[in-house]
Undergrad: 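Pasting a structure below so you can have a look.
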Amino acid sequence: METFQIILGRALKQALAAASLPDAGEVTPATDARFGDYQTNAALVLAKQRGENPRELAQKIIDHLEVAEWSAPPTIAGAGFINFTLRPETLAKKIAELLRDERLGVPRADTPHKIVVDFGSPNVAKPMHVGHIRSTVLGDALARIASFLGHEVIRDNHIGDWGTQFGMVIWGWKNLLDRDALARDPIAELVRIYKETNERGKTDEAIRNACREELVRLQSGDAANRAIWQETVTLSLQEFERAYEILGIHYDIQRGESFYNDRLPGVVERLCSEGLAEKSEGAICVFFRDIPELAERPCIIRKSDGGFNYATTDIATIDYRLDDLGADTVWIVTGAPQKLHFQQLFEIARREGKTADFRHITHGSILGEDRKLMKTRSGDNVPLKDVLEEAIVRARKIVTEKNPELPAGELEQIARTIGIGAVKYAELSQYRMTDYVFSWERMLAFQGNTAPYLQNAYVRIRSIFRKLGAEFSAPNEVILTEPAELNLAKRLAQFAETVPPVLNDFRPNLLANYLFELANAFHAFYEACPVLKAEEPARGTRLALCELTARVLAHGLDLLGIAVPERM
RNA sequence: GUGCCUGUAGCUCAACCGGAUAGAGCUUCUGACUUCGGAUCAGAAGGUUGGGGGUUCGAAUCCCUCCAGGCACACCA
């Protein structure tokens, strides 16, 4: 099924050809509903190229435009815009078509890709905190959208399960571990022994050395240390899994950093033999002397003590995704501070002749009250668990007030759907690059442009069908007359042209904004147009609009990883 | 010092890779329930898009410059 934008765009091309004018401009949704539904600036573009009068050119184009099937006669406005207004019959036909289409009009991608989406990436022996919400929720939504558009998506959790902090974790485990505390709250106890070891190490050189020795033993395969490491990994994964269960996040694979250990020497050897890496100050580095901004920023792939670091691991990770998984596209979702690192890695891959499409999808930070970055090391982070629990508690309180008769089991389910939805939507509805100050109020707002507002629109529709006492069945004819009906129908048709561009610049907030406007149009329609009390054929038409709105809302929210309740 | 990111209404944010009079929400004020769920709707108020130049029919958007905040820049991840 083609969108109106595509249809009108083709009509424009044909009109330009018929008028012996070069191809120029494009058809876009109108910037303002007062002008119509779609517009083109073709005449303005051509006027500039040819030094002619834009309004005269616009008239010339209109004389050749054959759009009567879809649009009222196009009009010229302003400097030379051509405006299209969809005919009610055309919209009605579209509504009927959309009701028959599982994809709700959204076209599949022209060329499907195999995409590895790397997001979340929590660290073992550390709790997940609010900062993880961004990467996790953003990556999940992008993966859902890509997969809906027909791409083959592999969701990979690149867990931080290897590194120098394990020296301290293992020393702490051997010397400070409280088994009872570990049984009660494993992560809290792991964090406690890590922190305390770190503190002691600051004043005690013997402990620092002991930690270093534990790390060396782990890396050289010492059985006891290996077992401790394995247990911390297992305990952490269980903890992560609980969070993912609540968040509704699913991974296809979870390849931690340790997975790549035995590939690291090969990576360094290869880069050396290719002449891309060289020895410098005892370390082995890749230099980018021909790129000005990277000229003085080498990428170290082997430390002077012979150890590997995360650059080495990440190169091996890219290899794995391309060679073993067969991906042609890699999306890595992390905070902006890692930008340089991935710029270097992608450049190395390019130098090795890899042609895959690499994207580092960055996001802003969550700040503390002091407007400074919430640092991982500071220990002042709000644990993710607390945010999720608080969200559910607040949602439960509001649902109980609004709807006291709900049975306890259903109440719990609804509170979860609304609370978690609110947290996710707060993230996804804003531009991913902006930093913001953490606040419960902000994250759990239930009014305005929020998930509960959208969920409420859905629930109102379900309520209508409950009252109707029958499943939806498509009406014989759809006839749109009221302004609120037409406005809602236009919004519904726009879903198809909203979803694909989200991936152009990885901006789920575009989809969120659309859904908000759709819900808004529905609420206005709901106030203006009674459904059940209406006479046929208006009744059938309005039920169809309700049903389609519910489907688009549910589907759109699902693409953002947000569920809808039947009641709330 | 070099590079990158951010700066839009009192607050939180939009503006779909140059479009028309810069839009929402929160807050404030005014209205709307004998009517399908008021977590709603209708309306009002609120702006020199950080400042200054430039490019052109047209700039929040592109270029230059300055200001403010943040991040990153060789062996942590």
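Atoms considered below: every heavy atom in the structure, side chains included; atoms not considered: hydrogens, waters and symmetry mates. What you are looking at is a predicted structure, and each value in this text was computed from that prediction instead of being measured. Letters go in sequence order (proteins before strands), and every chain restarts at 1.
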Undergrad: Hey, which of A/T232, A/T197, A/L215 is the one that makes side chain to side chain contact (heavy atoms under 4.5 Å, CB included) with A/V169?
TA: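 Answer after filtering A/T232, A/T197, A/L215: A/T232.
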
Undergrad: Looking at the base of B/A74, is there any donor atom on it, or on the side chain of A/E281, that sits under 3.5 Å from an acceptor on the other one?
TA: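 Indeed, a donor on one side and an acceptor on the other fall under 3.5 Å apart.
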
Undergrad: Would you say the side chain of A/S280 and the base of B/A74 hold a donor-acceptor pair, judged only by whether the two atoms sit under 3.5 Å apart?
TA: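 For A/S280, whose side chain was compared with the base of B/A74, there is a donor-acceptor pair (under 3.5 Å).
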
Undergrad: How close or far is atom P of B/A39 from atom CZ of A/F522, stated in whole angstroms?
TA: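 The distance from CZ of A/F522 to P of B/A39 comes to 14 Å, rounded to the nearest Å.
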
Undergrad: Is the base of B/U2 touched by the side chain of A/R297 through a donor-acceptor pair closer than 3.5 angstrom?
TA: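 For A/R297, whose side chain was compared with the base of B/U2, there is a donor-acceptor pair (under 3.5 Å).
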
Undergrad: If you measure from the ring centre of A/F81 to the centre of the six-membered ring in the base of B/G19, is it under 5.5 Å, with the planes under 30° apart?
TA: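 Here the ring of A/F81 and the base of B/G19 are not stacked, as the 5.5 Å and 30° limits are not both satisfied.
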
Undergrad: Is A/T31 touching bases, backbone alone, or none of the nucleic acid, heavy atoms closer than 4.0 Å?
TA: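 Here A/T31 touches the bases of the nucleic acid.
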
Undergrad: What does A/A336 touch in the nucleic acid at a heavy-atom separation under 4.0 angstrom: a base, only the sugar-phosphate, or nothing?
TA: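 The answer is nothing, as A/A336 stays clear of every strand by at least 4.0 Å.
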
Undergrad: Kindly say whether, by distance alone, the side chain of A/S463 makes a donor-acceptor pair under 3.5 Å with the base of B/C36?
TA: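 A donor-acceptor contact between them is absent.
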
Undergrad: Would you classify A/N309 as touching base, sugar-phosphate or nothing, given that sugar-phosphate means primed atoms plus P, OP1 and OP2, and contacts are heavy atoms under 4.0 Å?
TA: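 Sugar-phosphate contact only.
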
Undergrad: Should the pair A/E199-A/K202 be classified as a salt bridge under the 4.0 Å nitrogen-to-oxygen rule?
TA: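 Here A/E199 pairs with A/K202 in a salt bridge, since their nearest N and O are under 4.0 Å apart.
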
Undergrad: Hey, does A/L532 reach any base, or is it just sugar-phosphate, or nothing, if we go heavy atoms under 4.0 Å?
TA: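 The answer is base, as A/L532 lies within the cut-off (heavy atoms under 4.0 Å) of a base atom.
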
Undergrad: Touch check for A/D305, heavy atoms < 4.0 angstrom, all strands: base, sugar-phosphate only, or nothing?
TA: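 Here A/D305 touches no strand at all.
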
Undergrad: Within the structure shown, what part of the strands sits under 4.0 Å from A/P54 by heavy-atom distance: base, sugar-phosphate, or nothing?
TA: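 No contact.
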
Undergrad: What is the nucleic acid contact for A/F516, judged by heavy atoms within less than 4.0 Å: base, sugar-phosphate only, or nothing?
TA: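 Result for A/F516 = sugar-phosphate.
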
Undergrad: Rounding to an integer number of Å, can you tell me how far A/Q39 CD sits from B/C16 P?
TA: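 My rounded result for the distance is 12 Å.
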
Undergrad: Considering every strand shown, what is the Watson-Crick or G-U wobble mate of B/C26 when both distances are under 3.5 Å?
TA: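 Looking at the geometry, B/C26 pairs with B/G10.
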
Undergrad: State the pairing partner of B/U34; accept Watson-Crick or G-U wobble contacts with both distances under 3.5 Å, and report none otherwise.
TA: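 Across all strands, not a single nucleotide pairs with B/U34.
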
Undergrad: Is the positively charged end of A/R289 above the ring of A/F287, judged by distance under 6.0 angstrom from the centroid and angle within 45° of the axis?
TA: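 Positive - A/R289 is close enough to the ring of A/F287 and near enough to its axis.
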
Undergrad: Which class fits the ring pair A/F342 and A/H360: parallel under 30°, tilted 30 to 60°, perpendicular over 60°?
TA: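 Tilted, since the angle between the ring planes falls between 30° and 60°.
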
Undergrad: Check every strand shown and say whether A/R507 touches a base, only sugar-phosphate, or nothing at a heavy-atom separation below 4.0 Å.
TA: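 It contacts sugar-phosphate atoms only.
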
Undergrad: Which part of the nucleic acid, if any, lies within contact of A/D161, taking any heavy atom under 4.0 Å across all strands shown: a base, the sugar-phosphate backbone alone, or nothing?
TA: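 Nothing: the residue A/D161, judged by heavy atoms under 4.0 Å, touches no strand.
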
Undergrad: Would you say a side-chain N or O of A/N41 is under 4.0 Å from OP1 or OP2 of B/G58?
TA: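 It does not, given that no N or O in the side chain of A/N41 lies less than 4.0 Å from OP1 or OP2 of B/G58.
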
Undergrad: Which base, if any, makes a Watson-Crick or G-U wobble pair with B/U49, both distances under 3.5 Å?
TA: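 Partner of B/U49: none.
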
Undergrad: If you look at every strand shown and take non-hydrogen atoms under 4.0 Å, does A/A445 touch a base, only sugar-phosphate, or nothing?
TA: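 A/A445: no heavy atom of the nucleic acid under 4.0 Å.
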
Undergrad: Applying a 4.0 Å non-hydrogen cut-off, can you work out what A/D505 is touching in the nucleic acid: base, sugar-phosphate, or nothing?
TA: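 Nothing, no heavy atom under 4.0 Å.
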
Undergrad: Are there more than 12 heavy atoms of other residues, nucleotides or ligands under 6.0 Å from atom CD of A/E296?
TA: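 No.
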
Undergrad: With A/R263 as the cation and A/Y320 as the aromatic partner, state whether NZ or CZ is under 6.0 Å from the six-membered ring centre and within 45° of the axis.
TA: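 Verdict for A/Y320: no cation-pi partner in A/R263.
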
Undergrad: Return the nucleotide paired to B/G19: Watson-Crick means purine N1 to pyrimidine N3 with N6-O4 or O6-N4, wobble means G-U with N1-O2 and O6-N3, both under 3.5 Å.
TA: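 Check on B/G19: paired to B/C57, both distances under 3.5 Å.
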
Undergrad: In the strands shown, is B/G1 matched to any nucleotide by a Watson-Crick or G-U wobble pair with both distances under 3.5 Å, and which?
TA: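 Partner of B/G1: B/C73.
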
Undergrad: Reckon A/V399 touches a base, only the sugar-phosphate, or nothing at all at heavy-atom distances under 4.0 Å?
TA: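 A/V399: base contact, heavy atoms under 4.0 Å.
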
Undergrad: What is the nucleic acid contact for A/R442, judged by heavy atoms within less than 4.0 Å: base, sugar-phosphate only, or nothing?
TA: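 Sugar-phosphate, no base atom in range.
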
Undergrad: For A/P29, report the nucleic acid contact type (base, sugar-phosphate, nothing); a contact means any heavy atom under 4.0 Å.
TA: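 Base contact - A/P29 has a heavy atom under 4.0 Å of at least one base atom.
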
